[in-house]
There are 2 protein chains.
Amino acid sequence: MAHEDHKDIVKEIKGTMPDADTLFELADFFKVFGDSTRIRIMCALFEKELSVCCIADIVGMEQSTVSHQLRVLRQENLVKVRREGKQSYYSLEDEHIQKIFEMGLEHIME
Amino acid sequence: MAHEDHKDIVKEIKGTMPDADTLFELADFFKVFGDSTRIRIMCALFEKELSVCCIADIVGMEQSTVSHQLRVLRQENLVKVRREGKQSYYSLEDEHIQKIFEMGLEHIME
DNA sequence: TGAACATATGAACAATTATTCATATGTTAT
DNA sequence: ATAACATATGAATAATTGTTCATATGTTCA
């Protein structure tokens with residue numbers, strides 16, 4: 001134990017924090033934003049819905065890679081799919097995404 | 001090439017996206033939020049500045065682990081340090097953090 | 001100066017994850 | 001039904017990353 005009021009502070013702060021499960025979920029959610037391929041995919045989808053092959057060309061990666069990452073985005077409810085003929089069209093599912101992007105961009109621009 | 005307008009769409013979207021470097025930086029920034037230990041550290045710091053040993057006790061991890069993660073947070077300008085005697089006191093450096101947390105929490109609560 | 005304590009750092013290990021290749025599934029048109 | 005195309009998925013690999021132990025650095029006080 002370090003300083004005089006250590007114990008009190010630990011107890012005080014612990015009381016104010018969301019439960020561990022919630023913070024675990026939160027970390028998992030942000031993990032999705034922590035990859036540049038996924039960031040670029042989401043960024044592309046800001047404009048409009050896109051087919052998988054368009055996304056692959058835009059971000060310059062294999063169709064397979066993009067499919068895998070789209071699955072990750074789907075699992076976290078960040079994008080939704082729509083089938084039209086042979087193509088799958090993906091679009092953003094959540095308006096929080098843009099705000100989170102803005103916050104992030106503001107931060108790194110400082 | 002997939003559908004009729006594939007090429008046009010790819011060109012159009014590419015034109016609207018921030019440059020690759022920026023998006024890479026953005027991903028690196030969000031990567032910091034993608035770990036539950038760091039999330040819990042930031043969450044604890046919402047209340048007030050804390051010493052390393054308090055933080056370690058609050059999140060229930062080794063002092064060493066916490067020090068390593070605080071360095072990561074420092075490198076991304078998310079926290080700042082203040083020495084007072086033997087202790088180092090850390091605090092949040094950026095008001096964006098709280099907003100990003102809020103957005104994330106709102107998302108996972110749906 | 002040296003002992004005691006708080007924090008930081010380096011090296012090693014375990015675990016997670018992004019990417020690719022190969023292939024399966026799903027869809028359309030002949 | 002079969003060919004042609006778009007997308008999804010499984011397995012393998014390479015790379016990144018979080019944690020811990022051991023130890024170094026920094027600070028206070030006797």
Side-chain angles (χ1 to χ4, degrees), chain A residues 1-7 9-10 20 23-24 27-42 45 49-76 79-91, chain B residues 1-7 9-10 20 23-24 27-42 45 49-76 79-91:
Chain A
M1 204 168 322
H3 34 91
E4 205 51 47
D5 47 358
H6 177 101
K7 263 193 166 172
I9 292 177
V10 170
L23 296 180
F24 225 89
D28 277 343
F29 171 67
F30 285 127
K31 212 168 279 179
V32 181
F33 290 78
D35 174 77
S36 63
T37 301
R38 286 191 295 264
I39 283 281
R40 272 145 68 218
I41 292 174
M42 287 188 270
L45 292 174
E49 65 167 17
L50 294 168
S51 64
V52 176
C53 57
C54 275
I55 298 173
D57 260 23
I58 291 166
V59 305
M61 312 217 74
E62 299 283 330
Q63 172 269 315
S64 168
T65 306
V66 171
S67 261
H68 279 298
Q69 297 299 5
L70 283 168
R71 184 154 56 94
V72 175
L73 292 169
R74 233 183 311 128
Q75 282 167 342
E76 285 289 342
V79 300
K80 54 179 186 289
V81 215
R82 177 178 75 82
R83 261 275 182 185
E84 183 177 315
K86 281 179 278 187
Q87 279 84 33
S88 292
Y89 286 93
Y90 282 81
S91 56
Chain B
M1 204 170 324
H3 35 94
E4 206 52 50
D5 47 357
H6 178 101
K7 263 192 165 172
I9 292 178
V10 170
L23 295 179
F24 225 88
D28 277 343
F29 171 66
F30 285 127
K31 210 167 283 179
V32 180
F33 290 78
D35 174 76
S36 64
T37 301
R38 286 191 295 264
I39 283 280
R40 271 145 69 217
I41 291 174
M42 287 188 272
L45 292 174
E49 67 168 15
L50 295 168
S51 64
V52 176
C53 56
C54 275
I55 299 173
D57 259 23
I58 291 165
V59 304
M61 311 218 76
E62 299 283 329
Q63 171 267 314
S64 166
T65 307
V66 171
S67 262
H68 278 298
Q69 297 299 6
L70 283 168
R71 184 154 56 94
V72 175
L73 293 169
R74 234 184 307 127
Q75 283 167 343
E76 286 288 342
V79 300
K80 55 179 185 292
V81 213
R82 176 178 76 81
R83 261 276 181 181
E84 183 179 316
K86 282 180 277 187
Q87 278 85 33
S88 292
Y89 286 92
Y90 281 82
S91 56

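Every chain is numbered from 1 and lettered A, B, ... according to where its sequence line falls, protein lines coming before strand lines. Because only heavy atoms are used, hydrogens play no part in the values below, and waters and symmetry mates are left out as well, while side chains stay in.
- Between the CD1 atom of B:I55 and the P atom of C:dA8 there is a distance of 9 Å, given to the nearest Å.
- Among the protein residues, A:S67 comes within range of the nucleic acid bases, having at least one heavy atom under 4.0 Å from a base atom.
- Spacing between atom CZ of A:R71 and atom P of C:dT19 amounts to 14 Å, rounded to whole angstrom units.
- For DNA chain C, the neighbouring residues in residues 57-64 of chain B, judged by any heavy atom under 4.0 Å, are B:Q63, B:S64.
- Minimum heavy-atom separation, A:S88 to A:V81: CB-CG1, 3.8 Å.
- The shortest distance between side-chain heavy atoms of B:S64 and B:H68 falls below 4.5 Å.
- Here SG of B:C54 is found 7.0 Å from CG of A:D5. Values are rounded to the nearest 0.5 Å.
- A straight line from CZ of A:F33 to P of C:dA18 spans 14 Å, rounded to a whole angstrom.
- Listed by chain and residue number, nothing satisfies the side chain to side chain donor-acceptor pair (under 3.5 Å) test with B:S91 (two or more places apart in sequence, or in another chain).
- Proximity of A:Y90 to the phosphate of D:dA8: a side-chain N or O atom is located under 4.0 Å from OP1 or OP2.
- Residue A:L70 contributes atom CG, which lies 16 Å from atom P of D:dA6 at whole-angstrom precision.
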Below 3.5 Å between N/O atoms, which protein atoms pair up with nucleotides 15-18 of chain D? Just atom names and distances, please.
unit_1	atom_1	unit_2	atom_2	d
D:dG18	OP1	B:R38	NH1	3.0
D:dG18	OP1	B:R38	NH2	2.7

Sort me out a list of protein N/O and nucleotides 11-15 of chain C N/O pairs below 3.5 Å, or just none if empty.
none

Under 3.5 Å, sequence neighbours excluded: what are the donor-acceptor pairs made by side chains of residues 28-39 of chain A?
unit_1	atom_1	unit_2	atom_2	d
A:D28	OD1	A:K31	NZ	3.2
A:D35	OD2	A:T37	N	3.1
A:D35	OD2	A:R38	N	3.1
A:R38	NE	A:V32	O	2.8
A:R38	NH1	A:Q69	OE1	2.9
A:R38	NH2	A:K31	O	3.2

Step-by-step side chain to side chain contact (heavy atoms under 4.5 Å, CB included) determination, A:I55 to A:L70: CA-CA 10 Å; A:I55 298 173; A:L70 283 168; 4.3 Å; yes

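- Over its length, the helix from C:dT1-D:dA30 to C:dT30-D:dA1 turns its helix axis by 20°, as judged from the five terminal pairs at each end, rounded to 10°.
- The salt bridge (Lys or Arg N to Asp or Glu O under 4.0 Å) pairs that include a residue from residues 49-67 of chain B are B:E49-B:R82, where partners are two or more places apart or lie in different chains.
- For B:Q75, there are no side chain to side chain donor-acceptor pair (under 3.5 Å) partners, not counting sequence neighbours.
- Counting only heavy atoms from C-beta outward, the side chains of B:Q63 and B:V52 approach each other to under 4.5 Å.
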Which pairs, protein N/O on one side and nucleotides 26-30 of chain D N/O on the other, fall under 3.5 Å?
none

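- Across B:V79 and B:Y90, no two heavy atoms sit closer than the pair CG2-CD2, 3.8 Å.
- Note: CD (A:Q75) to P (C:dA18) measures 11 Å, nearest angstrom.
- One finds the CD1 atom of A:I58 at 5.0 Å from the CG atom of A:L50 (value rounded to the nearest 0.5 Å).
- Residues satisfying the side chain to side chain donor-acceptor pair (under 3.5 Å) test with A:T65, not counting sequence neighbours, are none.
- The closest donor-acceptor contact from the side chain of B:R83 to the backbone of B:G85 lies under 3.5 Å.
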